[in-house]
Every structure is written in C-alpha cells, then in structure tokens.
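Along the sequence shown, residues carry numbers from 1.
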Amino acid sequence: MANLNSWTVLAGIIIILLFLPNLTIISGIFTPSNENWEHMKEFVLTTYIKNSFILIVFTAVLTIIIGSSLAWMIAQYQFPFRRFLKWALILPLSIPPFIGAYTYHGIVNYTGVVQTTLREHFGLELNPGYFDIMNLPGAIFIYTIFLYPYVYTITRVFLSQQSASLVESARVLGKGPWQVFFQVVIPVSRVSIIGGASLVILEVLNDYGVVKYYGIQTFSTAIFQTWFGLGDIDSAIKLAASLMGFVIIILMLEKVLRGRRQYSYSTTKVRPLPRIQLKGAKAFFASSYGFIILSLGFCIPVLQLMDWLILTFGKIPMEEFLIYVKNSVLVAGISATCIVVFALIVGNFGRLVHGKISKLLPKLTILGYSIPGAVIAVAVVTAFIALDRFLAPLYQVLSANSTLVLSVSLVMLITAYIIRFFAIGYNSIESGYDKIGTDFRDASRSLGVGLTKTFFKVDVPMMKGAIISGFILVFIDILKEIPLTLILRPFNFDTLSTKAFQYASDEKIMEASQASLLIISLSAIAIVIFNKFLDKEPK
C-alpha cells in the first residue's frame with residue numbers, strides 16, 4: 001500500500017505540474033483589457049483569424065489529397081520503386097517547414113537557381129513577381145509538401161491492415177478503381193485521414209518560422225509582436241487564449257467529422273489487400289507521381305542546402321557551431337529524459353490504480369501537444385514570473401543578485417519542452433505498457449516483490465524498446481522546435497534551429513545550411529529507423 005501511495009503521489013504531482021501553467025492562459029481572459037488589446041480587437045484580430053483559417057483549411061485539404069492518394073497507391077498497387085517510395089515518402093517530415101520555407105525562397109528568388117537558369121541558358125527575363133513565394137499560397141505550398149506525411153503514414157498503416165473483402169466486394173458489384181477509392185477507401189479510412197489532418201492543422205497553428213519569414217500575420221506572429229514589440233504580456237495572454245479557443249473548436253470539429261461510424265472485421269479470416277501489378281503508362285505514372293512529391297518535399301531542398309553548405313563551408317567557425325550543437329543536445333537530452341521518466345511514472349500509475357479518474361488524469365497531461373508553442377510559452381513565462389515573486393524572500397536570504405532567477409534560466413525552457421512534447425513520450429510508453437501487459441508484474445508481486453522493485457526489475461527491462469523510441473522521437477522534435485526556444489531561451493543561448501532561423505531572417509540563408517542539414521540528417525535517420533520497426537512487410 002505504501003508503494004502504491006508513493007506512485008499515486010508522484011503521478012499526481014507530475015500531472016498537476018504539466019497542466020497547471022495552462023490555467024494562466026484561461027485566467028488571462030478575465031483580466032481587464034488595455035488599449036493595445038482594444039486596438040487589435042478592432043483592427044487586426046480579424047486578419048489573424050482569416051489568415052490562420054485560410055492556412056489550415058487549404059493545407060488540410062491538400063495534405064489529405066496527397067497523403068491519402070499516395071497511401072492508397074502504395075497499399076493497393078505494385079509498380080517500379082514502390083518499396084523505396086513506401087518509406088522515402090515519409091522523409092519530408094524530417095525537414096522543419098521553416099527550413100523548407102527559406103530554402104524554396106532561395107531557389108525561386110531573382111538570384112536563385114530557377115530564375116538564373118532561365119536568364120542565362122534560355123534567355124528568358126520573366127517578371128520576378130511570378131516566382132514570389134513569400135505569401136499565403138506559398139506558405140500553403142510549404143506546409144503541404146512538408147507535412148503531408150502525417151496523413152500518408154497514418155492512412156497507409158491503416159490500409160495495409162484492412163481486409164481485402166471490402167475492396168473485392170466493391171469490384172464484384174462493378175465498381176471501377178476511382179469508385180472504389182472514393183466510395184469505399186475514403187469512408188473506411190476517414191478516421192485515420194482526419195487524424196492525420198488534425199496533426200497537420202496543429203502543426204500549422206504551432207508554426208512561427210514560416211509565417212514570420214514570409215511576413216504573414218497569424219496568431220503566432222501576433223503573440224511575438226505583442227510581447228516583444230509592444231512589451232504587453234497581458235494582450236499576448238489574451239491572444240494566446242484566443243488561439244487556444246481556436247484550437248479547441250478545431251478539436252471539437254475533428255470529433256464531429258470522425259463521427260461514430262466504425263469499421264471492424266466481421267470474421268477472423270482477414271486477408272490483406274492483394275496488390276495489383278501496374279504496367280506501361282500506369283506504372284510510369286505511379287512511380288512519377290511518387291518521385292515528384294518526394295523531390296519537392298525532400299530531394300530539391302536537401303540538394304540546395306548541400307550546395308549552399310559547399311559555398312559557405314568555413315564561414316561559421318567550428319567552435320561556434322559546436323556550441324550550438326552542444327546547446328541543442330543538452331536541452332533536448334535533458335527534456336527527453338525527463339519526459340520519458342515522467343511518462344513511465346504516469347503510465348504505471350494508470351496501470352496500478354483502477355477507475356475512471358486514473359484513466360482520465362493522464363489524458364490531461366497530453367493536452368500540451370494540441371496547444372501551440374507560443375501559447376505554452378506565454379503560460380510558462382507567466383507561471384515562472386509568479387513563482388519567482390513568491391520565492392523572492394528566499395532569494396534575498398541567499399543573497400541572489402536578482403529577483404528573477406528561474407524565469408531567466410534553462411529550467412523554464414526545459415519545463416516548456418516537457419509540457420509541449422510530453423504526449424509524444426507518453427504515447428510511446430503507454431503502447432509499451434499495453435504490449436507487456438500485467439502477467440509478468442502479477443507474477444513478480446505473487447512472489448512477494450514490491451511494486452517499485454518490480455517496476456525496475458521487470459517492467460523497465462521489458463520496456464526498453466518503448467523507452468528508447470519515446471526518447472528519440474521527443475529528442476528529434478525538440479531539436480526542430482522554434483517558437484518555444486525563441487521566446488524562452490536564456491540570453492545568448494542558441495540552438496541549431498534558432499541559429500538557422502536567425503541566419504535566414506538576416507538574409508544569410510546560405511550560412512543557415514550547416515545547422516539545417518544537421519537537423520535534417522538526425523531527423524531522417526530517426527524516421528528511417530522507426531519506419532523499419534513500424535513496417536515489417538514481407539518482400
């Protein structure tokens with residue numbers, strides 16, 4: 001009983017700490033309005049809502065079209081290079097959208113490879129406005145081409161596990177390929193498609209790098225401008241609360257779109273989808289379609305970054321670059337470790353304590369992933385400033401030089417990372433707990449071994465795969481993170497992602513290639529490894 005109480009207390013503390021900062025945003029709604037907020041509400045709030053809405057709607061639609069069509073093509077048909085494309089089409093996810101944004105701008109601007117080639121080799125002097133990508137359509141293109149793997153991956157995994165009887169029955173009834181796709185595949189895959197699209201929408205709302213670099217006014221850029229430009233944290237909190245409400249509406253809409261329809265097997269004899277061999281023009285079209293998307297989302301940006309790296313290699317002192325690497329590894333490593341440890345504690349609490357409360361409370365901890373980074377940053381800063389004020393007498397006793405200690409330290413940044421990315425680590429750990437079940441734990445307990453000792457001797461060794469996968473996934477996501485790091489990093493503390501963003505913002509896009517390629521390489525390696533674990537399809 002003592003062990004159980006200890007686990008309950010630990011899990012309760014973690015759940016409260018992860019959820020509490022978000023309450024500061026909710027409380028900000030009820031604070032009195034000032035002149036800045038009244039001005040924004042009257043003149044620019046509509047623009048923030050309109051731009052954000054346009055970005056998420058068009059990006060969601062285009063990622064659904066590209067992701068679901070690629071998933072069906074890979075799951076249903078056999079064609080040249082299919083096995084390569086199956087995992088390679090996930091690689092665009094390794095490129096953070098802000099890196100893709102400045103890379104494509106460098107490719108298509110007046111001095112970029114596209115316009116230079118047209119002028120020097122074809123004698124074409126076209127209006128540079130035709131190649132302007134720094135606008136809403138350009139941002140939609142960037143988000144679509146680098147985020148479609150969310151829809152593609154989830155939908156492909158779902159389709160690969162579906163019974164062939166559904167498709168075969170449609171064909172027996174005289175349905176053609178397009179009718180099968182729209183009348184059978186899309187309805188059956190609706191939950192997975194909407195799930196992937198909701199992740200895309202959350203990523204778009206969370207992003208700051210693309211909209212800032214392209215000069216598009218959204219909630220994220222407004223929070224930054226209000227906070228740092230006007231020095232008005234109260235209005236920033238109100239903007240954050242508005243964005244949080246926007247996200248809640250989207251999540252509710254997602255639940256409605258998912259509906260209550262469920263498709264399950266009516267027999268235990270489930271055959272996977274037999275792939276149809278494509279030949280001739282159809283095979284060429286399928287391979288070409290896959291390679292065009294892969295080239296736009298991965299090959300072209302990476303080749304351009306490698307070209308810039310060669311041109312600028314040595315301009316950034318290696319000692320300076322290694323500092324950015326060290327800073328990135330430090331905060332990502334500490335945060336990922338904390339997230340995995342906390343997830344193990346909260347997940348084990350859910351196994352040990354039965355009841356609705358024990359199942360509901362852990363779900364509160366994963367809300368942070370659905371809240372944009374700029375909102376979490378505002379919440380964490382507000383909470384830490386209040387904590388510093390509370391601890392001010394203690395700082396005086398300790399002869400501290402300032403009353404702001406925690407709110408200007410790495411502790412605040414790491415706390416924000418834990419809140420933002422806890423869901424990723426927790427989902428991995430929870431799936432690990434589901435796989436090992438409770439039989440081994442119960443056997444250990446029947447031999448008189450305590451809960452804590454059983455956890456370390458039985459559960460943790462069996463959870464190695466889930467622990468390692470959760471750590472790496474969180475590590476890579478933190479490595480690519482921009483809004484939280486820009487707002488909460490201590491003075492003169494830069495990571496690979498913030499430095500790449502700063503170089504690009506200062507029009508030194510070539511110098512940004514070194515940090516960008518390292519981020520992409522680490523992310524791509526992780527994606528390839530996890531795809532191998534995810535998909536054990538026979539050759």
Side-chain angles (χ1 to χ4, degrees), residues 25 40 44-69 92-93 95-98 100-101 104 133-155 186 190-225 239-259 296-297 367-378 420 423 477 480-484:
I25 298 298
M40 284 188 288
V44 294
L45 188 59
T46 305
T47 301
Y48 302 151
I49 295 173
K50 184 186 74 173
N51 288 344
S52 299
F53 184 76
I54 290 173
L55 283 173
I56 63 174
V57 168
F58 281 94
T59 303
V61 170
L62 291 173
T63 52
I64 286 173
I65 293 171
I66 294 175
S68 58
S69 61
L93 207 58
I95 302 180
F98 80 91
Y104 264 105
I133 197 175
M134 301 183 74
N135 45 41
L136 270 173
I140 291 168
F141 166 75
I142 293 296
Y143 288 132
T144 299
I145 208 66
F146 294 109
L147 296 178
Y148 80 84
Y150 281 117
V151 178
Y152 164 72
T153 305
I154 297 173
T155 307
I186 294 298
R190 186 174 67 175
V191 172
S192 59
I193 290 172
I194 293 173
S198 66
L199 290 176
V200 170
I201 290 172
L202 292 175
E203 288 294 327
V204 172
L205 288 176
N206 176 64
D207 179 72
Y208 172 72
V210 176
V211 288
K212 170 63 170 64
Y213 188 64
Y214 281 6
I216 300 170
Q217 292 294 316
T218 63
F219 277 108
S220 293
T221 56
I223 290 171
F224 273 78
Q225 290 167 358
L239 280 170
S242 302
L243 180 53
M244 185 182 288
F246 200 59
V247 170
I248 291 172
I249 291 172
I250 289 169
L251 293 176
M252 291 173 63
L253 183 62
E254 181 213 359
K255 294 295 183 185
V256 172
L257 290 175
R258 283 176 183 250
L296 290 172
L367 291 177
Y369 192 68
S370 64
I371 301 173
V375 176
I376 292 176
V378 174
R420 173 79 175 91
D477 268 352
K480 299 189 294 183
E481 206 283 329
I482 279 287
L484 283 177

Rounded to the nearest 0.5 Å, what's the gap from [atom1] on [X] to [atom2] on [Y]? Could you check?
X: F219; Y: L45; atom1: CZ; atom2: CG; result: 5.5 Å
X: I482; Y: Y213; atom1: CD1; atom2: OH; result: 13.5 Å
X: I54; Y: I49; atom1: CD1; atom2: CD1; result: 12.0 Å
X: I154; Y: I193; atom1: CD1; atom2: CD1; result: 10.5 Å
X: K50; Y: L136; atom1: NZ; atom2: CG; result: 8.0 Å
X: I56; Y: E203; atom1: CD1; atom2: CD; result: 13.5 Å

Between [X] and [Y], what is the shortest heavy-atom contact and its length?
X: Y148; Y: P92; answer: OH-CG, 3.5 Å
X: I95; Y: G100; answer: CG2-N, 3.9 Å
X: Y48; Y: Q217; answer: CE2-OE1, 3.4 Å
X: V200; Y: L147; answer: CG2-O, 3.5 Å
X: V151; Y: G196; answer: CG2-C, 3.7 Å
X: P149; Y: L93; answer: CG-N, 3.9 Å

Exercise. Got N206 and R420 here, is their nearest side-chain heavy-atom distance under 4.5 Å?
Worked result: yes

Any sub-3.5 Å donor-acceptor pair from [X]'s side-chain atoms to [Y]'s backbone N or O?
X: S69; Y: I66; result: yes
X: T153; Y: Y150; result: no
X: T59; Y: I201; result: no

Only one of I216, T218, L55, I142 passes side-chain contact (heavy atoms from CB on, under 4.5 Å) with V210, and that residue is I142

Passes side-chain contact (heavy atoms from CB on, under 4.5 Å), L296 versus Y104? Steps please.
CA-CA 10 Å; L296 290 172; Y104 264 105; 3.7 Å; yes

Those residues at least two apart in sequence (or on a different chain) that pass side-chain hydrogen bond (donor to acceptor under 3.5 Å, both in side chains) with Y143 are D207

Applying side-chain hydrogen bond (donor to acceptor under 3.5 Å, both in side chains) to Y208 and not counting sequence neighbours gives none

